[in-house]
Amino acid sequence: MLLKNAVVYRDDFAPAEVNLEVTGERISSVDAGDAAGEALDLAGCTLLPGFIDIHVHGCAGYDMGDGTPEALRAMSDHLLHKGITSFCPTSMTLGADTLARLFANVAACMGGEPGAYIQGINMEGPYIAPSKKGAQNAAFIRRPDKDEFRRLYDGCGGIIRVVDIAPEEEGAEAFIREVQPYCPVSIAHTAANYEQAMQAIEWGARHFTHLFNAMNGLSHRAPGVVGAAFDAVTGCDLHAELICDGFHIHPAALRIAFRALGEDHTVIVSDAMCAAGAADGEYALGGQTVTVKDGKALLADGTIAASTTNLWDEFQNVLRFGIPFRQALKSVTINPARAIRADRDTGSLAVGKYADLIAVDGDGRLRLVMVKGRIKLRS
């Protein structure tokens with residue numbers, strides 16, 4: 001199929017007036033002529049890589065923790081309508097048997113998704129700090145356990161794409177050193193100071209889960225985990241997640257973070273729960289009751305509990321907040337792909353990669369979503 005007459009953001013993330021050719025699941029040319037065969041005229045549209053949400057618990061009334069194929073199918077379909085072509089269903093802090101069951105469900109559903117496809121699992125918890133648990137269930141928090149992780153990893157066929165850890169906890173060094181060859185280890189839900197976070201980076205941690213939230217922030221005498229992320233980014237290929245709903249992080253703090261981290265290291269995530277795309281009310285998250293009012297999700301004690309946003313809305317937010325278009329686009333496409341080591345197959349419009357792409361018209365409306373070469377949404 002030839003997609004013609006659109007402005008295309010190719011692998012260099014600069015706009016070009018070229019035709020893009022898709023053969024089967026993959027992109028076969030990003031500068032095609034008027035080849036024979038099926039063609040789709042996208043005049044007036046811009047072609048962008050499909051968005052990738054690597055941290056999403058749920059949406060449309062469903063949650064990864066439901067442990068059913070129906071839940072993952074509903075999430076897949078809802079995310080597709082937000083321009084998201086792939087995602088990582090994200091777990092909560094739970095017991096090992098429960099996690100094994102949930103992970104097995106994800107593995108069984110991969111390949112049969114109706115919309116956005118599953119990249120693999122984001123394992124948020126249970127190896128976190130009780131004092132920074134946020135909306136995680138304290139009853140299941142435990143110290144880093146590399147043997148438990150390997151059992152879970154092997155049990156689901158190696159589809160864990162990110163695992164969280166509080167690096168100040170006992171056993172963290174051995175965990176990070178052993179696990180990071182299998183999947184990125186993320187600093188998260190942690191009481192670590194600057195020095196401890198920098199040490200975790202030396203051990204091999206390369207990711208930060210929802211930066212600013214559930215961790216020590218930046219101050220002039222105690223740089224904290226946030227300061228470590230800003231300081232270390234020039235020396236290694238790390239990625240930091242940012243929830244860009246304007247509630248979890250003030251727009252001014254987002255601007256500072258995007259500048260400090262640079263365009264190759266920022267990853268926009270939703271951290272969405274099942275209330276995303278649904279009405280206000282009471283919902284469950286990791287076995288705890290969450291009240292959503294005016295789109296804000298809170299526990300009974302006022303603790304922020306995930307979000308109700310999505311990458312499409314966050315992308316519009318950051319542009320409105322003043323983030324450069326190029327960095328905003330990379331933060332929902334190639335950067336999350338690199339963060340989970342999936343950039344050989346997706347994240348940019350390049351020959352040989354999956355044809356995961358979206359078309360946006362001149363008014364900024366989503367007109368087409370293609371997933372692995374198949375048009376899944378067209379308006």
Side-chain angles (χ1 to χ4, degrees), residues 52-57 88 90 122-125 127-129 131-136 161-168 176 184-201 205-220 222-272 303-307 309 311 314-315 317-318 321-323 327-328 330-332 334-336 338-340:
I52 304 168
D53 193 349
I54 64 170
H55 187 158
V56 53
H57 297 279
C88 290
T90 303
N122 182 332
M123 185 175 170
E124 185 181 10
Y127 313 128
I128 61 175
S131 64
K132 295 291 185 179
K133 65 182 180 62
Q136 302 286 335
R161 296 290 176 254
V162 182
V163 60
D164 286 356
I165 189 172
E168 74 278 13
I176 294 171
V185 178
S186 184
I187 298 173
H189 287 275
T190 173
N193 57 28
Y194 167 85
E195 289 77 15
Q196 289 168 320
M198 292 296 286
Q199 189 172 57
I201 293 168
R206 289 294 182 271
H207 196 78
F208 291 81
T209 294
H210 47 52
L211 194 71
F212 291 103
N213 291 278
M215 63 182 59
N216 290 322
L218 172 67
S219 71
H220 65 300
V225 176
V226 174
F230 291 171
D231 201 23
V233 72
T234 56
C236 62
D237 186 23
L238 59 80
H239 297 89
E241 299 176 2
L242 295 160
I243 305 172
C244 300
D245 57 1
F247 172 53
H248 279 74
I249 307 171
H250 191 282
L254 281 171
R255 285 190 289 272
I256 292 167
F258 274 87
R259 284 196 299 268
L261 292 166
E263 70 173 34
D264 293 324
H265 306 280
T266 47
V267 176
I268 298 174
V269 298
S270 70
D271 191 18
T303 300
I304 297 175
S307 85
T309 191
L311 256 57
E314 291 178 280
F315 181 67
N317 286 345
V318 297
F321 296 159
I323 306 306
Q327 185 172 13
K330 293 178 80 171
S331 299
V332 291
I334 191 62
N335 291 355
R338 287 174 177 153
I340 60 169

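Of all the heavy atoms in S307 and D245, the pair that sits closest is CB-OD2, 3.8 Å. Of all heavy-atom pairs spanning A339 and P184, the tightest one is O-CG, 3.2 Å. Scanning both residues, I304 and A135, for their nearest heavy atoms gives O-CB, 4.1 Å. For the residue pair G227 and L218, the shortest heavy atom distance occurs at CA-CD1, 3.9 Å. Counting all heavy atoms, side chain and backbone alike, G246 lies closest to P251 at O-CD, 4.3 Å. Residue F212 comes nearest to A253 through the heavy atom pair CZ-O, 4.1 Å, listed as atom of the first residue, atom of the second, then distance.
H239 NE2 to I340 CD1: the interatomic distance, rounded to the nearest 0.5 Å, is 10.5 Å. The structure places CG of L261 at 8.0 Å from CD of Q327, a figure rounded to the nearest 0.5 Å. Note: K132 NZ to N213 CG = 10.5 Å, rounded to the nearest 0.5 Å. Between the CG atom of L242 and the CG atom of D271 there is a distance of 12.0 Å, given to the nearest 0.5 Å. Between the OG1 atom of T309 and the CZ atom of F247 there is a distance of 12.0 Å, given to the nearest 0.5 Å. Considering CD of E195 and CG of N193, their distance stands at 4.5 Å, rounded to 0.5 Å.
Tested against V226, the residues N216, L211, I256 include a single side-chain contact (heavy atoms from CB on, under 4.5 Å) partner, L211.
In this view, H265 satisfies the side chain to side chain donor-acceptor pair (under 3.5 Å) rule with no residue, not counting sequence neighbours. Checked against ring pair (Phe, Tyr, Trp, His ring centres under 6.0 Å), H189 has the following partners two or more places apart in sequence or in another chain: H210. Annotation: ring pair (Phe, Tyr, Trp, His ring centres under 6.0 Å) contacts of H207 (sequence neighbours excluded): none. For T209, the side chain to side chain donor-acceptor pair (under 3.5 Å) partners at least two apart in sequence or on another chain are D164, S186. Residues satisfying the salt bridge (charged side-chain N to carboxylate O under 4.0 Å, His left out) test with E168, not counting sequence neighbours, are none. Scored by the side chain to side chain donor-acceptor pair (under 3.5 Å) test, N335 finds no partners at all (sequence neighbours excluded).
Considering only heavy atoms from C-beta on, I243 comes within 4.5 Å of V269 through its side chain. Under the 4.5 Å side-chain criterion, counting only non-hydrogen atoms from C-beta, F208 is in contact with I201. Looking at heavy atoms from C-beta onward, P223 lies out of side-chain contact with D231 at the 4.5 angstrom threshold. The shortest side-chain heavy-atom distance between R338 and D264 falls under the 4.5 Å cut-off.
A donor-acceptor contact shorter than 3.5 Å links the side chain of N317 to the backbone of C244. Within the 3.5 Å criterion, the main-chain N or O of M215 finds no donor-acceptor partner in the side chain of T190. With hydrogens and angles disregarded, no donor-acceptor distance shorter than 3.5 Å links the side chain of E314 to the backbone of I268. The backbone N or O of V56 sits less than 3.5 Å from a side-chain atom of T90, completing a donor-acceptor pair.
Side-chain N/O atoms of S270 and D53 include a donor and acceptor closer than 3.5 Å.
The pair R206-D237 does not meet the salt-bridge criterion, since no charged nitrogen lies less than 4.0 angstrom from a carboxylate oxygen.
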